[in-house]
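Everything on this sheet refers to the single structure shown next.
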Protein chains: 2
Amino acid sequence: MRVTIADVAREAGVSKTTVSRVVNLKGEVDGSTAARVREVIAQLGYVPSSGAVGLARGSSRTVGMLVPSLTWPWMGELLQGVVDTVEAADYGLLLFTCNRGADSVERFTTQVSARAFDGLVVIEPENTLHRLTALHRSGLPIVLIDDRGHHPDFPSVVTTNHEGGASAARHLRAAGRTRPLVVTGPRHFGCVRDRLAGFRSVLPEGPVVDGDFTELGGRLAVEGLLAEGVEFDSVFAHNDVTAAGVLRALRTAGRRVPDDVAVVGFDDIPMAEHTEPPLTTVRQPTRQMGEAAARLLLGHLGGAPAPRRPVTLPTELVVRRSAP
Amino acid sequence: MRVTIADVAREAGVSKTTVSRVVNLKGEVDGSTAARVREVIAQLGYVPSSGAVGLARGSSRTVGMLVPSLTWPWMGELLQGVVDTVEAADYGLLLFTCNRGADSVERFTTQVSARAFDGLVVIEPENTLHRLTALHRSGLPIVLIDDRGHHPDFPSVVTTNHEGGASAARHLRAAGRTRPLVVTGPRHFGCVRDRLAGFRSVLPEGPVVDGDFTELGGRLAVEGLLAEGVEFDSVFAHNDVTAAGVLRALRTAGRRVPDDVAVVGFDDIPMAEHTEPPLTTVRQPTRQMGEAAARLLLGHLGGAPAPRRPVTLPTELVVRRSAP
DNA sequence: CTGAAAGCGCTTACAG
DNA sequence: CTGAAAGCGCTTACAG
């Protein structure tokens with residue numbers, strides 16, 4: 001049978017109130033009384049029921065995390081950052097995904113109303129910002145990890161997409177490249193517009209092809225341009241997966257990397273080290289973004305005021321052989 | 001303010017008992033009464049507090065998941081399998097990691113005693129089997145996803161490591177390779193011993209080098225053997241990350257893959273498609289293993305008897321260019 | 001078919 | 001310094 005606070009109280013010859021005070025270090029308790037209670041607690045192996053504590057206190061000491069997918073290449077690092085921070089603060093982490101669209105968001109909203117968690121870290125699933133805003137207005141603390149370049153009403157963590165694009169361009173320009181091809185991600189993502197604008201601010205010339213963040217997209221972009229006879233001496237792909245497709249298409253076409261064409265990606269996912277040649281890329285501080293988001297949320301739950309501007313973490317150019 | 005069952009009862013002019021019956025579809029309730037209650041529920045937006053329900057019922061409708069790390073390459077797929085299954089059953093998923101050793105396991109054990117979840121899916125962190133066994137004995141339903149070849153007292157999900165190794169060997173033999181190099185993982189993992197034994201049952205000859213599941217390990221193994229002048233016409237690496245190191249070392253040494261040396265990995269992580277050449281590998285059904293583990297646990301929570309033998313999901317050889 | 005009451009395991013004014 | 005009692009929001013015998 002489960003050991004309850006009543007068992008401890010009886011065994012120690014005190015009231016439940018006193019046991020509670022000892023457990024929570026709240027209020028004055030006589031030294032010897034406290035010692036006796038602690039002894040009984042250890043002896044019985046008493047651990048307060050999180051459910052009962054939550055009900056009595058009106059909070060669950062748990063934060064929720066909502067992600068569109070767990071299989072995206074940078075998700076593991078991000079999640080690890082969140083989990084580490086949350087666990088260090090003795091909170092639990094309730095994980096939700098919404099890869100089945102409206103249905104799962106519905107289900108999720110129910111969990112919110114059920115008060116299953118005190119606050120939420122979210123990577124925005126497409127077209128959910130208005131729902132999240134509604135939840136936030138109704139009192140749920142939310143922090144957004146923004147990979148799309150949105151600017152919601154609630155706190156968010158972003159990276160320097162514009163500067164990241166610019167740094168890629170500066171690196172290519174310094175290497176003497178003048179005719180870059182840009183393979184973008186979906187244009188309706190704010191981050192894509194920022195990366196492109198940053199790149200263009202340094203290297204305004206050269207073709208642009210719309211990609212879709214997939215390997216195939218990168219491959220088709222390069223194949224198409226080569227077929228048309230369009231020349232370029234470098235490629236800036238808006239994510240690493242696309243860059244992998246670019247590398248493959250170039251190899252198939254007999255173009256040497258980096259001699260004929262230098263290639264730069266974005267993200268620095270684990271794969272980037274293992275392409276041939278290894279990929280020069282703009283690193284997103286994914287893990288740190290997760291940590292920052294969790295810290296922001298925990299701080300807010302602890303009463304700290306929410307920052308009015310997005311928390312911005314810098315990208316970093318990682319130079320490997322595809323663009324030395 | 002939060003809407004409670006009392007609010008609904010008052011508004012509908014019935015008792016809390018009746019509201020509870022309507023919500024949980026339990027016991028007889030007059031049709032028109034039920035309809036009225038449902039109307040009020042919808043109108044007030046009532047959602048039962050998960051904490052209170054859990055306390056009253058003695059269960060949390062939440063399962064825990066304990067993983068050693070979230071950044072391992074196949075963890076995303078596995079987690080997605082677990083989450084999808086758990087969410088579909090209307091359970092919550094509480095995520096724990098234990099990358100800080102004993103401390104985090106301690107913290108985790110506390111959560112168990114706090115009854116924060118009803119059952120546990122676990123990927124075994126090193127040296128924790130005895131603790132898990134103790135938790136299981138004390139009444140916590142546990143399902144192990146076993147990547148190590150253990151055989152615990154509680155239900156587990158495994159893949160066919162022996163047959164996977166054998167299939168790699170058959171594939172190489174059919175391609176006329178006779179002098180394979182095997183680069184293993186850590187020898188104390190049961191899965192490593194199984195993969196090796198399976199491979200050896202088909203191709204008993206050739207050198208074996210101990211690896212450690214890292215890229216560097218694979219690279220060093222090949223470099224060492226080439227330096228010693230040991231000849232081999234193929235490599236079976238015990239995971240894909242090691243195989244990536246093998247490919248790199250071979251390329252550096254000027255050996256062509258697959259012409260001079262064919263390479264087969266294990267796992268089929270996302271990277272395997274993107275190495276040069278793309279990697280032939282023994283696919284672990286990671287996502288399905290997650291799904292199976294979650295189903296097993298949910299079934300057990302629902303009263304189904306636990307299977308006495310590990311649930312075994314088959315590996316599958318995925319042929320790409322590194323070993324056609 | 002329906003409800004009053006006890007109970008789940010805690011916390012927290014309030015009173016002493 | 002300590003405790004009795006109410007309350008958190010539910011569920012579930014039990015009685016009618």
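What's counted below: heavy atoms across the whole structure, side chains too, no hydrogens, waters or symmetry copies. Reminder, nothing fancy here: chain letters follow the sequence lines and each chain counts from 1.
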Options [options], nucleotide nearest the side-chain atoms of [X]:
X       : options              : result
B/Leu55 : D/dG9, C/dC1, D/dG3  : D/dG9
B/Thr18 : C/dG3, D/dG9, D/dT2  : C/dG3
B/Thr33 : C/dC1, D/dC1, D/dC10 : C/dC1

Given that B/Ala56 and A/Ala52 both sit by DNA chain D, which one's nearest nucleotide is further toward the 5' end? A/Ala52
Assess whether one donor atom and one acceptor atom, taken from the side chain of [X] and the base of [N], lie less than 3.5 Å apart.
X       : N      : value
A/Thr17 : C/dT11 : no
A/Ser20 : C/dT12 : no
B/Arg21 : C/dG3  : yes

How long is the line joining [atom1] of [X] and [atom2] of [N], in whole Å?
X       : N     : atom1 : atom2 : answer
A/Ile5  : C/dC8 : CD1   : P     : 14 Å
A/Asp7  : C/dC8 : CG    : P     : 11 Å
A/Arg57 : D/dC8 : CZ    : C1'   : 12 Å
B/Asp30 : C/dC1 : CG    : P     : 7 Å

Does OP1 or OP2 of C/dG9 have a side-chain N or O of A/Ser49 closer than 4.0 Å? no
Judged by atom type as modelled, is there a donor-acceptor pair below 3.5 Å linking the side chain of A/Ser50 to the main-chain atoms of B/Ala114? yes
Closest nucleotide of DNA chain C for A/Thr4 versus for B/Lys16: which of these residues is on the 5' side? B/Lys16
Closest nucleotide of DNA chain C for B/Gly13 versus for A/Lys26: which of these residues is on the 5' side? B/Gly13
CD of A/Glu39: more than 12 outside heavy atoms within 6.0 angstrom? no
Heavy atom of residues 34-48 of chain B under 4.0 Å from DNA chain D: which residues? B/Tyr46, B/Val47, B/Pro48
Considering every strand shown, what is the Watson-Crick or G-U wobble mate of D/dT2 when both distances are under 3.5 Å? C/dA15
Rounded to the nearest 0.5 Å, the CZ atom of A/Phe154 sits from the CG atom of A/Leu129 at a distance of 5.0 Å
Can you give me the closest heavy-atom contact between A/Ala52 and B/Leu55, atom names plus distance? CB-CD1, 3.8 Å
Compare all side-chain heavy atoms of A/Leu140 with those of A/Phe117 and state whether any distance is below 4.5 angstrom. yes
